[in-house]
Amino acid sequence: MSTAYPFTAIVGMDDLRLALLLNAVSPAVGGVLVRGEKGTAKSTAVRGVATLMPHVAVVNDCRFSCDPAAPDSTCPDGPHETESGKVRPTRMVELPVGASEDRLVGALDIERALSDGVKSFEPGLLADAHRGVLYVDEVNLLHDHLVDLLLDAAAMGATYIEREGVSVRHASRFLLVGTMNPEEGELRPQLLDRFGLTVEVAASREPDERVEVVRRRLAYDEDPAAFTAKWAAEEEALRERIAAARALLSSVRLGDGALRRIAAVCAGFEVDGMRADIVTARTATALAAWAGRTDVLTEDVRQAALLALPHRRRRAPFDAPGLDEDKLDEILGQFEGEDDEPEGPGEPDGPDDDGPGGGEPPQDADGPGTPDVPAQREESDAGSPQPQTPDRPESTAPSSPSAGADASPEAVPGGDGGGEAAPVAAADPFRTRKFDVPGIGEGADGRRSRARTAHGRTTGSRRPRGTLGKLHLAATVQAAAPHQRARGRRGPGLVVRRDDLREAVREGREGNLVLFVVDASGSMAARKRMGAVKGAVLSLLLDAYQRRDKIGMITFRGAGAEVALPPTSSVDVGAARLERLPTGGRTPLAAGLLQAHEVLRVERLRDPARRPLLVVVTDGRATGGPEPLARAARAARLLADEGTASVVVDCESGPVRLGLAGELARELRGPAVTLDELRADSVSALVRNVRNTSSRRAA
């Protein structure tokens, strides 16, 4: 008996459970993305529903799980005897975030190829997941090269391997389920769109419900087998209902009225492409089958839209996910009276009347008859519940192009001695010029600076440093070839020794730590100026999101500096903190730079391979204390002496300019660019300036 936490014992989380069950009924829905804070039953629910999936018939001894009734004619293990087969449980294959490309798609057995002259292919996780569930925990942290492979497999239903002299194709159709914590960064839009449904989850704030979560979790941890046995009847009943809904699915009628509602909803929310319409239609059909009906009703379309559209209507990385339910009801209300829905007292109960997704919970709070009380702990996080909610921007986009200038009619003190001003809305973001860190790094895969990575174009070969990475076959053969006679070669294969092995040296792009140091003092508090500055920083945040960077933010004003955002991959959180940033007070520039030095020092200890890029957003003024400009210059030289690549965004405006930001840039040994020069369509050769400055520093 499986000791996974029983799916029916999960407390509440109705939307999450319903989305998973709809995919169990109809895998064509396309999977589920579960977004939520840590400790909210994401992993528990996914592992639990996998045990409820119907068993599958597979060909005996086929490593690629071919169906005996319709075996893949191109299967590497074929041809198959169609009458030979066995029935086994549906697999749930977990893809680790740090998996290698070879582990995902499979690899040639290099040792056998070189020593025996035989091509032997070892299947990867995509082969294991065929006709099953592929689960990616923390999917937003998955490396880009693995995301590309997943996209290809999801789009084509097959995996192709063309490398090292091996050419293999095998079927790879799977239910993709991912979980993520938005605090740790967002998901690439291309992969986001591949998930059929999305669900937002959060822990309950009701004490009674949290008590029930803890009670069940402790009981499970004390005796998993006994706890699982207690819920066996409910698990079996749910398994039978899934099987019944699957059998009914082909009989469900999706009428023209339901299709018009789906099309109107998708058009009304301005979703991209047609995948949203298709997924919504499939989900509505699965909802009808789950409710035991053969007709799709308006309520099915509404529920399907709430699950299928929130992640598809997002227009930019900083837009908050979600769907306006009032607008949804307004669109569906236009079709009132045009129903092609059946009427009559014999109609089966809908999804809100029974089972996961709705229904009134049983009264016994301690027994197995209460699967519908909200909030559940994850198996991997059995500690105390987390009451905090992540910072999420309600919206970081201004309501109009002039929002930055006209956010408030009241005057704001512009001098350093002024008090704190209310936060100013950011101006519209724009596409910025590309900043990069000079030289070649060895950090995590990304899209900003040049780096030696495990992926990218091959630029040479070298002896392995520790475990062999990506084999450079030609260089290995070239190293082994002169020694074959001396080694007594007597067969088709090469005699290869450890010293002959060469690994490929590849050059790609890395993600950096982009640390923003933002002047929020009174000299920056003029409404138009601060709105433009926030718009510029927001644009740089968007650029960091697209280039897969980590970001951090330091602000300085009044008496000192503070870390407004510790280094993180969540650009959304950075945008939210920026939007709420107040201004006013003196300009402790030196404190901001020294705080940046400390943050970078700690980050070098945590992740020495990730190179930093310091972006100082200021007009260059410094006030407070004796010799404020001299202290700021010393702090800048301290950063420059440690090799920190820096850029100063000069926010000074007006007919009279002091040029203090330019002086700061010279101390940092980096370029200074104005807000106008920051735009990608500017004629300023920004990247060349960064590199030229670096060359002068090296000289």
Side-chain angles (χ1 to χ4, degrees), residues 4 19-34 42-43 45-59 62-72 74-77 87-97 99-106 122-139 142-143 145-161 168-180 187-188 190-199 242 246 249 275 278-279 282-283 286 308:
L20 291 170
L21 288 169
L22 291 176
N23 276 274
V25 171
S26 175
V29 167
V32 186
L33 174 66
V34 187
K42 299 189 296 292
S43 299
V46 174
R47 295 188 177 100
V49 79
T51 65
L52 302 175
M53 301 282 284
H55 287 28
V56 295
V58 297
V59 173
C62 177
R63 298 174 297 168
F64 301 89
S65 301
C66 282
D67 186 350
D72 184 2
T74 62
C75 176
D77 286 353
V87 176
R88 62 161 173 78
T90 296
R91 287 177 181 163
M92 190 189 78
V93 177
E94 296 196 38
L95 171 59
V97 169
S100 66
E101 181 178 335
D102 289 346
R103 183 72 188 97
L104 180 62
V105 301
E122 185 66 27
L125 295 176
L126 291 178
D128 293 341
H130 179 46
R131 303 177 65 203
V133 179
L134 182 63
Y135 172 49
V136 190
D137 193 14
E138 306 295 349
V139 63
L142 200 63
H143 287 175
H145 68 285
L146 297 182
V147 170
D148 292 337
L149 294 169
L150 273 182
L151 288 172
D152 290 342
M156 297 183 292
T159 299
Y160 293 84
I161 301 96
V168 174
R169 176 225 176 260
H170 64 81
S172 184
R173 293 182 296 276
F174 47 81
L175 181 65
L176 183 61
V177 180
T179 55
M180 60 174 283
L187 193 61
R188 261 178 73 177
Q190 295 92 332
L191 184 57
L192 184 66
D193 188 52
R194 284 293 171 183
F195 287 97
L197 310 179
T198 186
V199 178
I242 292 172
R246 277 199 169 196
L249 188 64
R275 183 174 285 117
I278 296 170
V279 172
R282 288 172 174 167
T283 306

Kindly indicate whether the side chain of [X], heavy atoms from C-beta on, has any atom under 4.5 Å from the side chain of [Y].
{"X": "Val29", "Y": "Leu175", "answer": "no"}
{"X": "Asp137", "Y": "Val97", "answer": "no"}
{"X": "Val168", "Y": "Pro123", "answer": "no"}
{"X": "Leu134", "Y": "Leu126", "answer": "yes"}
{"X": "Val133", "Y": "Asn23", "answer": "no"}

Where the side chain of Asp77 meets the backbone of Cys62, is there a donor-acceptor pair that is under 3.5 Å apart?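 The answer is no, because no donor-acceptor pair under 3.5 Å joins these two groups.
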Any side-chain to backbone donor/acceptor pair from Arg103 onto Leu95? Under 3.5 Å, distance only.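 Between the backbone of Leu95 and the side chain of Arg103 there is no qualifying donor-acceptor contact (under 3.5 Å).
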With sequence neighbours excluded, what pairs up with Thr198 under the side chain to side chain donor-acceptor pair (under 3.5 Å) test?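 Partners of Thr198 under the side chain to side chain donor-acceptor pair (under 3.5 Å) test: none.
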I'd like to know whether Met180 forms a side chain to side chain contact (heavy atoms under 4.5 Å, CB included) with Lys42, so could you lay out the CA-CA distance, the side-chain angles of the two residues, the decisive distance to 0.1 Å, and finally the verdict. CA-CA 9 Å; Met180 60 174 283; Lys42 299 189 296 292; over 6 Å; no
Heavy-atom closest pair, residues [X] and [Y]:
{"X": "Val46", "Y": "Leu20", "answer": "N-CD1, 4.1 Å"}
{"X": "Phe195", "Y": "Gly178", "answer": "CE2-N, 3.4 Å"}
{"X": "Thr159", "Y": "Ser172", "answer": "OG1-CB, 3.3 Å"}
{"X": "Arg246", "Y": "Pro27", "answer": "NH2-CG, 3.4 Å"}
{"X": "Leu146", "Y": "Ala99", "answer": "CD1-O, 3.2 Å"}
{"X": "Phe174", "Y": "Ala129", "answer": "CB-O, 3.4 Å"}

Rounded distance [0.5 Å steps], [atom1] in [X] versus [atom2] in [Y]:
{"X": "Leu33", "Y": "Asp193", "atom1": "CG", "atom2": "CG", "result": "11.5 Å"}
{"X": "Phe64", "Y": "Asp128", "atom1": "CZ", "atom2": "CG", "result": "9.0 Å"}
{"X": "Thr283", "Y": "Ile278", "atom1": "OG1", "atom2": "CD1", "result": "11.5 Å"}

So which of Leu149, Leu150, Asp152 actually passes side chain to side chain contact (heavy atoms under 4.5 Å, CB included) with Val105?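 That would be Leu149; it is the only one of Leu149, Leu150, Asp152 passing the side chain to side chain contact (heavy atoms under 4.5 Å, CB included) with Val105.
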Taking side-chain hydrogen bond (donor to acceptor under 3.5 Å, both in side chains) as the criterion, tell me which of Arg131, Arg88, His170, His130 meets it with Ser65.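 Exactly one option meets the side-chain hydrogen bond (donor to acceptor under 3.5 Å, both in side chains) with Ser65, and it is Arg88.
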Between Asp72 and Arg173, is the closest basic N to carboxylate O distance under 4.0 Å?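 Salt bridge: no.
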Report all side-chain donor-acceptor pairs from residues 52-59 shorter than 3.5 Å, counting only partners two or more places apart or in another chain.
none

